[in-house]
Amino acid sequence: MRQSEEDREKLGAPPAHDSYLTDGTTVMSWLNTRDHKRVGVMFLAAVVFFLFLGGVFALAIRMKLLYPGPFLFDALTYNRLFTLHGVTMIFLFMIPAIPSAFGNFVLPLMIGARDVAFPRLNLASFYVYLAGAVLAIWAMVHGGADTGWTFYTPYSTTTPTMLFPLLLGVFVLGFSSIMTGINFIVTVHTLRAPGVGWMRLPLFVWSIYATSIIQVLATPVLGLTVLLVALERVLQFGIFDPARGGDPVLFQHFFWFYSHPAVYIMVLPGMAVISECVATFSRKNPFGYKAIAFSSLGIAFVGFFTWGHHLFVAGQSVFDNGVFGVLSMFVGIFTAVKVFNWVGTMYRGAISFKTPFAYICGFLFFLVFGGMTGVALATVALDVHWHDTYFVVAHFHFIMVGAVIMAFLAALHYWFPKMFGRTYHEGWGLVAASLIILGFNATFIPQFLLGNNGMPRRYYQYPEHFQALNVASTAGATLLGFGFVIIFIYLLIALRWGPRCEQNPWRSKGFEWLTESPPPTHNFDRIPHITQDPHDYRTHAPSGVYADV
Amino acid sequence: MSEAAALPPGEHPARGADPHLAHHFSSLERQVDASRLGMWLFLCTEVLLFAGLFTGYAVYRYSFPIAFAASARTSEIWAGTLNTVVLITSSLTVALAIHFVRTGRQRAAVVCLLITLAFALTFLGIKAIEYTAHFHEHQLPGRYYRFEGVRLPGASMYWALYFLMTGLHGLHVLIGMSVLGVIAWRTSRGYYTPHYYVGIELAGLYWHLVDLIWIFLFPLLYLI
Amino acid sequence: MAENGEHHSALPYFLVWVALLILTVTTYVTGRMHLGTWALPLAMIIAVTKSLLVILFFMHLWEQKGANRIVIATSFVFVALIISLTVADVATRFPLSTPAGAPFGTDIPAELEETAPEYQPPAGKIGEPPRGVPQPK
Amino acid sequence: MDRLHYFVILTTFVMSTAVGLTAIFFFILYRRRSETQTTPHIEPAPLLEAAFVIIPLAFFLLWWVMGYRTAIGLATPPADAMDIYVQGKKWMWKFAYPGGPNSVNVLRVPSGRPVRLLMTSRDVIHSFYVPEFRVKQDVLPGRYSQVWFQAVEPGRFQILCAEYCGAGHSIMRGEVIVLKAEEYEDWVSAQHRGLATKQDGPPTALDFAPPLGNLVDQGRRLAQEQGCVKCHSVDGSQHIGPTWLDLYGRRERLSDGRIVNVDEGYITESMMDPFAKIVDGFKPVMPSFANKLAGPEVAAIVEYIKSLQSDAVRTGPSEGPAYAPVRGR
């Protein structure tokens, strides 16, 4: 990022004034910034690092599973690896990935604001995130915990591994998540530019808004839960201790009250990205704008009523199983509405098959398949067979890796020119996209079969007749890893040497493209007055005019 | 929200000379609205933080009704009641402080805030006396429970929840006290004016929340 | 600061305070009366009334924007949600799940002694392995 | 249940494929033809949006009705079910038959008869899972959970633990042996006479020998056979190795200064890898018993050691807890 100035001289086309990237180039100007765009970029760098770390853990796990017996490392290491894989991917990558990185960057641009409502809180959110990450890494370096990312009691209250710093890390990360959530909600409420009514908010903003609601409502419960586990470990308060009348299943209620909505904290931003990208690359107004917008809120709301479907065989009452079963079905409906409307957006559009669009296709397939298997899992009787098997593993990886990482990569490719003012190599982009989609299917479709045949999750050793499918899955994972490496390389190259792009390379009519790429520090010299709905492709006229023009 | 009011009056550095107005807000009114909404959202997270404990209470109260009722009867009811009165009154003084700032009587506001701090200290003092009594009686959570008066299964769970809930609430009292302390100092330095007093207002909101939670803790832990 | 000019006297705050004190005394007195089943609902009704007084007048929600009202209302809805669905689970569990004689045992409430719903096993063969599973010899 | 299974999987496939195909179809049909192309503004008809809601909702609710009815069935054992008590612990399954024998990791049931398992755990949460029977239920400490099944044909089916429970989670496996009704009766009476012989054919990796009598007796016999008692006394006197009396639950100081709680895990580890933790004051001379003892044998020895308490509270076979019979009939 430091290179911009010299490059600009080389290219001989100096922009009108400094972009946010060049407005102060010292390290401190980054670390002490109040600029939402810089915070976003710092978040992006951090989450990419943790994606890499989590990916390494995942590959190690897959390598071990090549053989049914002990191999490479022992059971304890294996257990620690999958715990760390889960914690890293979920708390350090998935939850902040799209909202904190891309949300921070483009959300204020999209509503025509000069910054988020509380810029200092925003920066604090990043540092709190780093603090949580450091605690988690510290726990990992000192041996790591072996409870799985779910921390189920009483195993988590009795295991001798380094759980305490990990719990503390998760607790601290929760604060970061809450800060970001509060910031976005307030930003959307108070900082919309003139002309941006609620029904003109870009769909990305709607989804991030819904995400923020979940972050604010659910995260405190997780904070309390990990606090209780930590207290139970240190002081033996006995809240979840069966010997004192405590109920381990209560922990699961608490945990999933956060963690099921947390799935939507991860998926909704993915849907946000897709809503934008589908419109841009189909060059068409979103089909059923209101349906997509309100289904985001619907998911945020109903997402809270479904946590019990993780407890169907955990000793939850049959009555609650039924209630949670039927409530879970409704989340599927909102997702279905979104999917149909995205496909509808393509109808009579003008589709260009660029790299982000490849990821959209991947996303649609993974989300529908992953989502439908999710609803299938919420069908109480079927869950009895599938629960805690690789079927579940494959299902949530379809949603989280399949859908969310596809959306993350789509966002990365879609907004890369916006963020850095440069373009990447389109050909390599498509190669990597196809590798990733292929590798992903090869990794997780065998896992569906494994789970259906009865292989439980978190198994270090497994019965031999599962080996063939496990090998297939590992092969797919390797392919997936290669895809990520390719992306990493060509994006790094693009960051340094990529050709400069114009202000709006996709000719998108999303509001964030109304300013330069990369944007100047205060986003807009003059706040635009928005006169059109987002993604109105009936005309070529810009979607806003400047207030005093 | 009125769209017309949000129209920026031209280049941003030139907008008025209000030192409180941040560069990205179009008007001070909107900035204050943002701060208030942010605070309410934060209070919402606080409510949900306690929701977990209330759920734990509900579940174990359902499981061990007799033990909970018996244990509640051995708690220091006088202290709980007194503390309720103390907190409600401190809530009043905070509300009055904001009222005085709004009407331009800074000195009265500072006095109100100091009274609030005194009430908060009283609350913690009473709480400390209570805790000491419970420690002496071994009315303690989990494996430390050795109270002779109530030997029912589930009684230790009552005390676990008692200490968790009052402890977390006490922590909030402490945080609230430090916030109010800073606010009192700032008020005495004339930082808040009838024109701009959002800081003291937000601190007040936090303190009222502390009161609010106690209003629920009191009957649950002491009375029934 | 829209409400700046028309600001009134401090009297309403004192009125609310007196009301809160009266309610505190009420809940204390009724709490000492051991009303059985009604003790909890009554105490909760009083607590909710008190909290409404605090929220609406001390916290000025009465005169604030809609968004703030929605926020606090939502948080209470979700508190109710987590409590009700979790307690519903504990209240309707398999009756034997905490048998008599357990170290912390509870008695099974009488209303749970009801009969299990009438059920015929499904028609399909239960022991049949799903397709694709190697049959153990 | 199988019908539901296939119905659900089929709809899932049809839906994903349909969405994927539509996307591809649209892509081909509406390729971008020029860089400056404009498109019409299309708002969906309300009826269409309603269809987007109602059609999946109808399917999902159908799934739910079918699934929940089956689930109630899975949760409701018939009145004539035979009860067997199950205890899960790290990392083995113990089965106790009312008035009958105990066994570790091998559950024998008659075919054609509903069996109800009443399960609890001694330490952490486990989950009893027999993939072929499509049953799974978490086994919780401090609580009892139940699961029932009816095996149709004789055969052998693997029991897996499906809830993560620690280092041995993946090897916490057992086996259900479904016998013909008369064979089962024979086996039970043989158990009562103490004359059981192996009836399971050639041994396999899964073929754990069913213990005779109770675990403690078996452990005592094994400890003599394997020579454990040559070094470890059972009366409290110190010998080459630490005494076994009151060993379980003791806090031992190790040679490197650490303190360990003697629990099942530690005892097992000491048998398998004796040099990992040497108790202070003893020499590292014990041979490893890895590959010499099968899982249930280790369990038996551990149980025996656990029974050696001076206040003798832990002796005797595990008895099923006192249950009320199945309600409702």
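All chains are named by letter (A, B, ...) in the order of the sequence lines, taking the proteins before the strands, and each is independently numbered beginning at 1.
Side-chain atoms of D:Phe59 and A:Met372, non-hydrogen and from C-beta on, never get closer than 4.5 Å to each other. Between A:Pro154 and D:Pro141 there is a side-chain heavy-atom pair separated by less than 4.5 Å.
Using a 4.5 Å cut-off between heavy atoms, A:Arg507 contacts chain D through its side chain alone, with no backbone atom that close. Contact annotation for A:Gln252: only side-chain heavy atoms (C-beta onward) come within less than 4.5 Å of a heavy atom of chain D. Within the 4.5 angstrom heavy-atom criterion, atoms from both the backbone and the side chain of A:Pro463 approach chain D. Heavy-atom distances place the side chain of A:Tyr152, and not its backbone, under 4.5 Å from chain D. Of the two parts of A:Asp247, only the side chain, counted from C-beta on, holds a non-hydrogen atom closer than 4.5 Å to a non-hydrogen atom of chain D. For a residue to count as touching a neighbouring chain, one of its non-hydrogen atoms must lie under 4.5 Å from one of that chain's; by this rule A:Ser328 does not touch chain D. Heavy atoms closer than 4.5 Å to chain A are found in the side chain of D:Ile171, but not in its backbone. Interface residue A:Thr158: only side-chain heavy atoms are found under 4.5 Å from chain D. With a threshold of 4.5 angstrom between heavy atoms, A:Thr150 does not approach chain D through any atom at all. Heavy-atom distances place both the backbone and the side chain of A:Trp386 under 4.5 Å from chain D. Heavy atoms closer than 4.5 Å to chain D are found nowhere in A:Phe366, neither backbone nor side chain. Contact annotation for A:Ala336: only side-chain heavy atoms (C-beta onward) come within less than 4.5 Å of a heavy atom of chain D. Contacts between A:Val375 and chain D at a heavy-atom distance below 4.5 Å involve backbone atoms as well as side-chain atoms. The part of D:Glu49 that comes within reach of chain A is its side chain, from C-beta onward, which places non-hydrogen atoms under 4.5 angstrom from that chain.
Highest contact tally toward chain D, considering only A:Ile351, A:Val380, A:Val337, is held by A:Ile351 [criterion: heavy-atom pairs under 4.5 Å]. Considering only heavy-atom pairs separated by less than 4.5 Å from chain D, the leading option among A:Tyr289, A:Phe334, A:Tyr537, A:Phe340 is A:Phe340. Counting heavy-atom pairs under 4.5 Å between each of A:Val368, A:Asp533, A:Asn285, A:Leu367 and chain D puts A:Asn285 at the top. Considering only heavy-atom pairs separated by less than 4.5 Å from chain D, the leading option among A:Asn341, A:Thr389, A:Thr539 is A:Asn341. Among D:Leu140, D:Val65, D:Val147, the residue with the largest count of heavy-atom pairs under 4.5 Å with chain A is D:Leu140. Of the listed residues A:Phe369, A:Tyr78, A:Phe312, the one with more heavy-atom pairs under 4.5 angstrom with chain D than any other is A:Phe369. Contacts with chain A were tallied for D:Ala75, D:Ser127, D:Gly166; D:Gly166 has the most, counting heavy-atom pairs under 4.5 Å. With respect to chain A, the highest number of heavy-atom pairs below 4.5 Å among D:Leu48, D:Thr22, D:Ile125, D:Leu61 belongs to D:Ile125. Counting heavy-atom pairs closer than 4.5 Å to chain D, the top residue among A:Pro456, A:Gly325, A:Ser295, A:Ala314 is A:Ala314.
Residues A:Asp388 and D:Lys136 are not paired through a salt bridge, judged by the lack of any N-O separation under 4.0 Å between the basic side chain and the carboxylate.
Listed for the D:Tyr129 side chain is a donor-acceptor partner under 3.5 Å among the backbone atoms of A:His385. Using a distance-only test at 3.5 Å, with no hydrogens or angles considered, a donor-acceptor pair links the side chain of D:Ser170 to the main chain of A:Gln461. Checked by atom type and distance alone, the side chain of D:Arg143 pairs as donor or acceptor with a backbone atom of A:Gly315 at under 3.5 Å.
Within 6.0 Å of the OH atom in A:Tyr67, the count of heavy atoms belonging to other residues, nucleotides or ligands does not exceed 12. More than 12 heavy atoms of other shown residues, nucleotides or ligands fall within 6.0 angstrom of atom CD in A:Glu502. Within 6.0 Å of the CZ atom in A:Phe73, the count of heavy atoms belonging to other residues, nucleotides or ligands exceeds 12. The environment of CG in D:Leu47 is sparse: at most 12 heavy-atom neighbours from other residues, nucleotides or ligands sit within 6.0 Å.
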Output, in order, the C-alpha distance, side-chain angles, deciding distance and verdict of side-chain contact (heavy atoms from CB on, under 4.5 Å) for A:Leu382 and D:Trp63.
-> CA-CA 10 Å; A:Leu382 294 178; D:Trp63 289 7; over 6 Å; no
Could you walk me through whether D:Trp64 and A:Thr379 pass side-chain contact (heavy atoms from CB on, under 4.5 Å), step by step?
-> CA-CA 5 Å; D:Trp64 177 72; A:Thr379 310; 5.9 Å; no
Please step through side-chain contact (heavy atoms from CB on, under 4.5 Å) for the pair D:His126 and A:Tyr155, ending with a clear verdict.
-> CA-CA 10 Å; D:His126 303 283; A:Tyr155 188 76; over 6 Å; no
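Residue D:Ala167 comes nearest to A:Leu76 through the heavy atom pair CB-CD1, 3.8 Å, listed as atom of the first residue, atom of the second, then distance. When all heavy atoms of D:Leu57 and A:Phe330 are compared, the pair lying nearest together is CD1-CE2, 3.7 Å.
Atom CZ of A:Arg457 sits about 8.0 Å away from atom CD of D:Glu163, to the nearest 0.5 Å. Here the CH2 atom belonging to A:Trp342 is positioned 15.5 Å from the CZ atom belonging to D:Phe26, to the nearest 0.5 angstrom. Here the CZ-NZ distance, from D:Phe52 to A:Lys338, works out to 14.0 Å after rounding to the nearest 0.5 Å.
Aromatic ring pairs are classed by plane angle as parallel below 30°, tilted from 30° to 60° and perpendicular above 60°; the pair A:Phe82 and D:Tyr164 is perpendicular.
In this structure, D:His169 has its ring center no closer than 6.0 Å to that of A:Tyr460.
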